[in-house]
Amino acid sequence: MAGTKEIKTHIESVQETKKITSAMYLIASTKLRKARQELENTRPYFEALRGEIKRIFRTAGDVDSHYFYRDGNDTRKGGTYGCLVITADKGLAGSYNQNAIREAMKLLEHHPDTKLFVVGEYGRRFFSQRNIPIEHSFLYTAQNPTMARAREISALLLDGFDRGEWKKIFIVYTDMASAMSFQARSTRLLPFHRTYFADNIKPEEPVTSPFEFLPNARAVLNSMMPSYVSGFIYSALIDSFCCEQNARMTAMDSANQNAEKLLGELSLEFNRVRQAAITQEITEVSAGARAQRKNHQKNER
């Protein structure tokens, strides 16, 4: 059985760990609020951009672009895929990283000719340890994502797509469905279906005046798509970052609760051992006093 000194040292160790997990919980909650606010500040622009893309299709129905399937049909079979995988730079976030990695591995199993573009140190380490080649690794993008970093990623992916290196581009990220739940998703980023821009958008009034596109509708649409793709990637980075912080908050809260439970058990054990030591001392003192009384009585006789 451990003595009072060992138990006391264990209690101090748990208390120090609890201080760290509590601080990590507060840091994660602060980062989560900041990231949500940044996403809300940029969301109106990209919603308006999506609405304008829809307007082009409504007014120029015959417009064609390599960013979209022709007539909404998936005719691009085979070829090389590009896949952007978004993970965290570190662990201590529950199953957040494992879920994203699992979705990426499913895509690799379904289509082995897939080039990986990885965000986050966790993903880089996972694929490197398993000798899975990485086409490009983006450094310093998992923490505090910005629009500039999203444009950097978008430019690289679009360059390969425009040159025909990637037939399709997928993005694996973690979607924050609500404040209490999140899910890893594998979504095709390019090419889009036209119906994608017709869904989930408020109905608009019929077009009564003709629109003029200069130099033409196709050129206008192609000039808008890089900005929209950058916004899509930025939204995915922010969503993943929010989910990471939310998962870390949950993990740290669970660690704090476990620490409280462990401290209670250690306190009981400490009191029990200390009480046993006190009882042992009292017993030894009583036994010594009894022996002295017997010796004193024996000497008096």
Side-chain angles (χ1 to χ4, degrees), residues 53 64-89 95-142 145 149-175 182-197 218 221-222 225-237 239-241 243-244:
I53 295 173
D64 187 24
S65 172
H66 68 289
Y67 292 119
F68 295 86
Y69 291 125
R70 185 183 297 273
D71 299 327
N73 295 322
D74 185 355
T75 58
R76 304 186 187 187
K77 305 294 184 181
T80 303
Y81 292 176
C83 180
L84 175 65
V85 184
I86 301 176
T87 63
D89 284 333
S95 60
Y96 166 79
N97 289 300
Q98 290 81 358
N99 291 339
I101 293 294
R102 191 178 299 113
E103 288 296 320
M105 295 302 295
K106 288 180 181 178
L107 181 61
L108 286 174
E109 292 174 3
H110 179 71
H111 193 86
D113 189 12
T114 299
K115 303 298 183 181
L116 295 179
F117 298 81
V118 182
V119 172
E121 180 61 30
Y122 190 97
R124 288 192 289 271
R125 186 168 60 250
F126 177 89
F127 293 118
S128 297
Q129 290 175 349
R130 288 157 181 79
N131 297 320
I132 300 175
I134 298 175
E135 184 71 15
H136 189 87
S137 181
F138 299 97
L139 302 177
Y140 314 116
T141 51
R149 292 170 178 172
R151 289 195 180 99
E152 175 188 348
I153 298 172
S154 175
L156 183 60
L157 294 177
L158 286 174
D159 181 62
F161 184 79
D162 291 338
R163 288 187 284 121
E165 295 182 8
W166 332 120
K167 295 298 182 181
K168 297 180 182 179
I169 297 179
F170 289 82
I171 180 169
V172 175
Y173 70 105
T174 308
D175 182 28
F182 51 88
Q183 181 181 3
R185 296 184 181 276
S186 176
T187 303
R188 189 184 65 245
L189 180 60
L190 287 172
F192 289 104
H193 282 302
R194 296 190 182 192
T195 54
Y196 176 80
F197 290 91
R218 185 175 186 273
L221 182 62
N222 287 342
M225 290 310 300
S227 295
Y228 185 81
V229 171
S230 298
F232 194 105
I233 293 175
Y234 177 66
S235 177
L237 289 170
D239 272 343
S240 297
F241 183 70
C243 291
E244 176 195 350

Any chance you could measure F170, atom CZ, to F117, atom CZ, to the nearest 0.5 Å?
13.5 Å

Smallest separation among heavy atoms of G160 and W166, with atom names
CA-NE1, 3.2 Å

For the student: nearest non-hydrogen atoms of P145 and Y234, plus distance
O-CE1, 3.9 Å

D159: partners by side chain to side chain contact (heavy atoms under 4.5 Å, CB included), with sequence neighbours left out
R163

Measure across F161 and K167 and return the closest heavy-atom pair with its distance rounded to 0.1 Å.
CE1-O, 3.6 Å

Between atom CG of L156 and atom CD1 of I233, what is the distance when rounded to the nearest 0.5 Å?
9.5 Å

Working to the nearest 0.5 Å, report the span between CD of E135 and CG of L84.
12.5 Å

Worked check of side chain to side chain contact (heavy atoms under 4.5 Å, CB included) between L116 and L108:
CA-CA 9 Å; L116 295 179; L108 286 174; 4.1 Å; yes

Pairs of donor and acceptor atoms involving the side chains of residues 120-127, under 3.5 Å and at least two apart or interchain, shall be tabulated with distances.
| residue | atom | partner | partner atom | Å |
| --- | --- | --- | --- | --- |
| E121 | OE1 | R124 | NE | 3.2 |
| E121 | OE1 | R124 | NH2 | 3.0 |
| Y122 | OH | Q98 | NE2 | 3.2 |
| R124 | NE | S137 | OG | 3.3 |
| R124 | NH1 | S137 | OG | 3.2 |
| R124 | NH1 | F138 | O | 2.9 |

Got a second to check how far C243's SG is from Y173's OH, nearest 0.5 Å?
9.5 Å

Closest non-hydrogen contact found for P191 with H66 is CB-O, 4.2 Å

State which residues pass side chain to side chain contact (heavy atoms under 4.5 Å, CB included) with N131; sequence neighbours excluded, sorted by chain then number.
none

For a quick test of reading the model, state the closest non-hydrogen atom pair linking V172 to A100 and the distance between them.
CG1-O, 3.4 Å

What closest approach, in Å, do Y67 and L190 show between heavy atoms, and which atom pair accounts for it?
CD2-CD2, 4.0 Å

If the plane angle is over 60° it's perpendicular, under 30° parallel, otherwise tilted; pick one for H111 and Y81.
parallel

Any chance you could lay out the side chain to side chain contact (heavy atoms under 4.5 Å, CB included) test for T174 and E244, step after step, and finish with the verdict?
CA-CA 8 Å; T174 308; E244 176 195 350; over 6 Å; no

Quick one: CG on L158 to CD1 on I153, what's the gap to the nearest 0.5 Å?
11.5 Å

Hey, mind stepping through R149 and E152 against salt bridge (Lys or Arg N to Asp or Glu O under 4.0 Å) and telling me if it holds?
CA-CA 5 Å; R149 292 170 178 172; E152 175 188 348; over 6 Å; no

